[in-house]
Asker: 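Pasting in a structure now, in structure tokens, and then I'll have a few things to ask.
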Protein chains: 2
Amino acid sequence: MRTRDENKEETIRQKAIELFVKHGFDGLSMQKLAKEAGVSPATLYIYYKDRDDMIVQLWVWVMKKMVDTTLEGFDPGMSFEAGLKLQWQNRARFCMEYPMELHFMEQIKYSPYHEACSKKMDAKFINTMGEFVHNAIRRKEVVKVPVEVYWSVAFAPLYQLVKMHMSGRGLRDEKFVLDEKTINQTFKLVLKALKP
Amino acid sequence: MRTRDENKEETIRQKAIELFVKHGFDGLSMQKLAKEAGVSPATLYIYYKDRDDMIVQLWVWVMKKMVDTTLEGFDPGMSFEAGLKLQWQNRARFCMEYPMELHFMEQIKYSPYHEACSKKMDAKFINTMGEFVHNAIRRKEVVKVPVEVYWSVAFAPLYQLVKMHMSGRGLRDEKFVLDEKTINQTFKLVLKALKP
DNA sequence: TATAAGTGAACGAATATTCATTTATATTTG
DNA sequence: CAAATATAAATGAATATTCGTTCACTTATA
């Protein structure tokens with residue numbers, strides 16, 4: 001039997017995200033994507049059941065990449081400060097290395113695909129994160145708050161900075177570039193908020 | 001001459017956001033919207049130049065609503081703690097009262113429309129916010145950090161909580177409902193982070 | 001009566017998806 | 001070892017819809 005061209009598979013994914021980021025949901029049409037990736041439209045239907053399935057599978061792929069990057073060198077038993085710091089570094093690295101993938105994920109988050117995607121969320125990842133927080137709370141390294149409150153304070157500021165960085169400007173018209181110093185400065189504030 | 005039916009204008013806006021939130025960019029087609037709003041497709045082109053223009057104008061309208069709500073009772077000369085508290089209350093109220101409008105705005109934020117929209121951003125609003133922070137920094141009520149860092153720590157956690165509230169669940173599968181108590185709890189942490 | 005609001009049908013272009021065929025290769029056969 | 005075969009990958013053209021937009025026309029009112 002004929003073997004599947006793995007290279008082709010990767011090209012499709014890459015071009016799909018590229019099209020999506022550049023032209024949004026409207027721009028990601030099966031025919032345009034096929035042309036862009038140099039394959040027949042019919043080929044897409046070998047890889048994916050339909051357009052919706054393609055978008056969800058694309059999300060799963062990107063999510064895995066994100067989880068892998070985020071967990072690099074991480075252990076839920078780490079001390080709170082060290083663990084959170086590593087999380088920030090890993091997450092920031094992912095954002096900088098894969099801006100289009102991040103863009104794609106953020107756009108999915110508020111789209112009708114959000115529900116279908118979050119069902120495919122890696123449970124192990126969430127559990128690892130949860131374990132880390134609970135360890136820290138138990139050791140009294142972190143104020144005792146619901147996980148949602150913790151997560152909001154711990155990571156939302158970072159993603160907000162990344163958002164500004166990606167759009168190239170801050171709140172006003174001035175240019176904004178997220179550098180190591182700004183990350184550290186913000187991290188210190190977050191740490192202050194979460195320590196008992 | 002014949003007068004424009006203001007009621008019709010409002011129905012179109014309402015149905016447009018409804019369609020957009022329910023079915024995303026793909027779902028907001030001119031013909032579907034016309035049918036939904038009970039007007040001719042051609043009528044839409046009296047109100048808007050084309051589909052892109054409609055989406056941007058829709059955003060401008062929603063943004064104004066958001067700014068108005070956020071500024072209710074606010075004065076940039078307020079003390080930091082009182083001002084920030086009011087901001088949280090106003091913003092939370094907007095999110096709860098107009099969930100679809102918030103949904104719409106968030107989706108635009110990561111779409112190709114983001115740039116066109118942010119050009120129409122109300123400068124006065126941004127200036128008022130900026131003035132408030134700078135007053136607070138001058139009075140030494142807030143740590144001296146770039147506005148972007150301030151904004152990220154001050155508001156991103158709130159919007160993250162709202163996001164979870166709107167999706168109906170937190171990080172795990174458990175139900176999550178954002179209540180007054182959770183808001184206050186998070187607010188206290190943010191305040192701790194930002195105070196010198 | 002002048003004028004802008006509002007219409008419904010129509011346009012070509014683009015959409016998602018399918019299907020009868022062809023192509024490449026892993027495996028089996030002689 | 002080489003040739004035949006089986007099988008999944010890959011295709012390009014065609015499907016019926018739906019898309020955004022326009023235009024000749026009617027309607028309501030200042």
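Chain letters run A, B, ... following the sequence lines, proteins first and then strands; every chain starts at 1.
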Asker: Can you list, by residue number, the residues of residues 37-60 of chain B that have a non-hydrogen atom closer than 4.0 angstrom to DNA chain C?
Answerer: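 Contacting residues: B/V39, B/S40, B/A42, B/T43, B/I46, B/Y47.
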Asker: Rounded to whole Å, how long is the line connecting atom CD of B/E6 with atom C1' of C/dG6?
Answerer: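 So the two atoms are 15 Å apart, to the nearest Å.
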Asker: Please state how far atom CD in B/E36 lies from atom P in D/dC19, giving the value in whole angstrom units.
Answerer: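 Roughly 12 Å, once rounded to whole Å.
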Asker: Measure from CD on B/Q31 to C1' on C/dA9 and round the result to the nearest Å.
Answerer: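 In whole Å, C/dA9 C1' lies 11 Å from B/Q31 CD.
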Asker: Mind listing the closest non-hydrogen atom pair of B/L102 and B/C95 along with its distance?
Answerer: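 For B/L102 versus B/C95, the nearest heavy atoms are CD2-SG, 3.6 Å.
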Asker: B/D5 CG to D/dA30 P: how many Å, rounded?
Answerer: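 Spelled out: CG on B/D5 to P on D/dA30 is 13 Å.
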Asker: Check this for me: does any side-chain nitrogen of one of B/E106 and A/K109 sit under 4.0 Å from a carboxylate oxygen of the other?
Answerer: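 No.
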Asker: Specify the closest pair of heavy atoms between A/E72 and A/L86, including all atoms of both residues, with the distance to one decimal.
Answerer: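 Nearest heavy atoms, A/E72 then A/L86: O-CD2, 3.7 Å.
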Asker: In terms of side-chain heavy atoms of B/T3, which of D/dT29, D/dG20, C/dA16 is nearest?
Answerer: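 Closest nucleotide to the B/T3 side chain: D/dT29.
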Asker: Write down the distance between CG (A/L19) and P (C/dT15), rounded to a whole number of angstrom.
Answerer: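 Spelled out: CG on A/L19 to P on C/dT15 is 10 Å.
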Asker: Without swapping roles, check the side chain of B/H103 against the backbone of A/Y110 for a donor-acceptor pair under 3.5 Å.
Answerer: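 Flag set: sc B/H103 to bb A/Y110 pair under 3.5 Å.
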Asker: Using a 3.5 Å distance criterion without hydrogens, assess whether the side chain of A/K15 forms a donor-acceptor pair with backbone atoms of A/G38.
Answerer: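 Answer holds: no.
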Asker: Heavy atoms only, 4.0 Å cut-off, all strands: where does A/L33 land among base, sugar-phosphate and nothing?
Answerer: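 Nothing: the residue A/L33, judged by heavy atoms under 4.0 Å, touches no strand.
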Asker: Between atom CD in B/E9 and atom C1' in C/dG6, what is the gap in whole Å?
Answerer: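 Whole-Å distance recorded here is 13 Å.
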Asker: Say whether A/R4 and A/Y47, considering side chains only, have a donor N or O and an acceptor N or O under 3.5 Å apart.
Answerer: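 Checked: A/R4/A/Y47 side chains show no N/O donor-acceptor pair below 3.5 Å.
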Asker: Between the base of D/dT27 and the side chain of B/R2, is one N or O donor paired with an acceptor at under 3.5 angstrom?
Answerer: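 Side chain to base: pair found, below 3.5 Å.
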Asker: With a cut-off of less than 4.0 Å, is there a side-chain N or O of A/K35 near OP1 or OP2 of D/dG12?
Answerer: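 Indeed not, no polar side-chain atom of A/K35 lies that close.
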Asker: Think B/K32 has a side-chain N or O under 4.0 angstrom from the OP1 or OP2 of D/dG20?
Answerer: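 It does not, given that no N or O in the side chain of B/K32 lies less than 4.0 Å from OP1 or OP2 of D/dG20.
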Asker: How close do B/Q160 and A/S152 get, heavy atom to heavy atom, and via which atoms?
Answerer: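 For B/Q160 versus A/S152, the nearest heavy atoms are CG-OG, 3.5 Å.
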Asker: To the nearest Å, give me how far apart CE (A/M30) and P (D/dC19) are.
Answerer: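 Taking CE of A/M30 and P of D/dC19, I get 17 Å after rounding.
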Asker: Send over the distance from B/F25 CZ to D/dT18 C1', rounded to a whole Å.
Answerer: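 After rounding, the gap between these two atoms is 19 Å.
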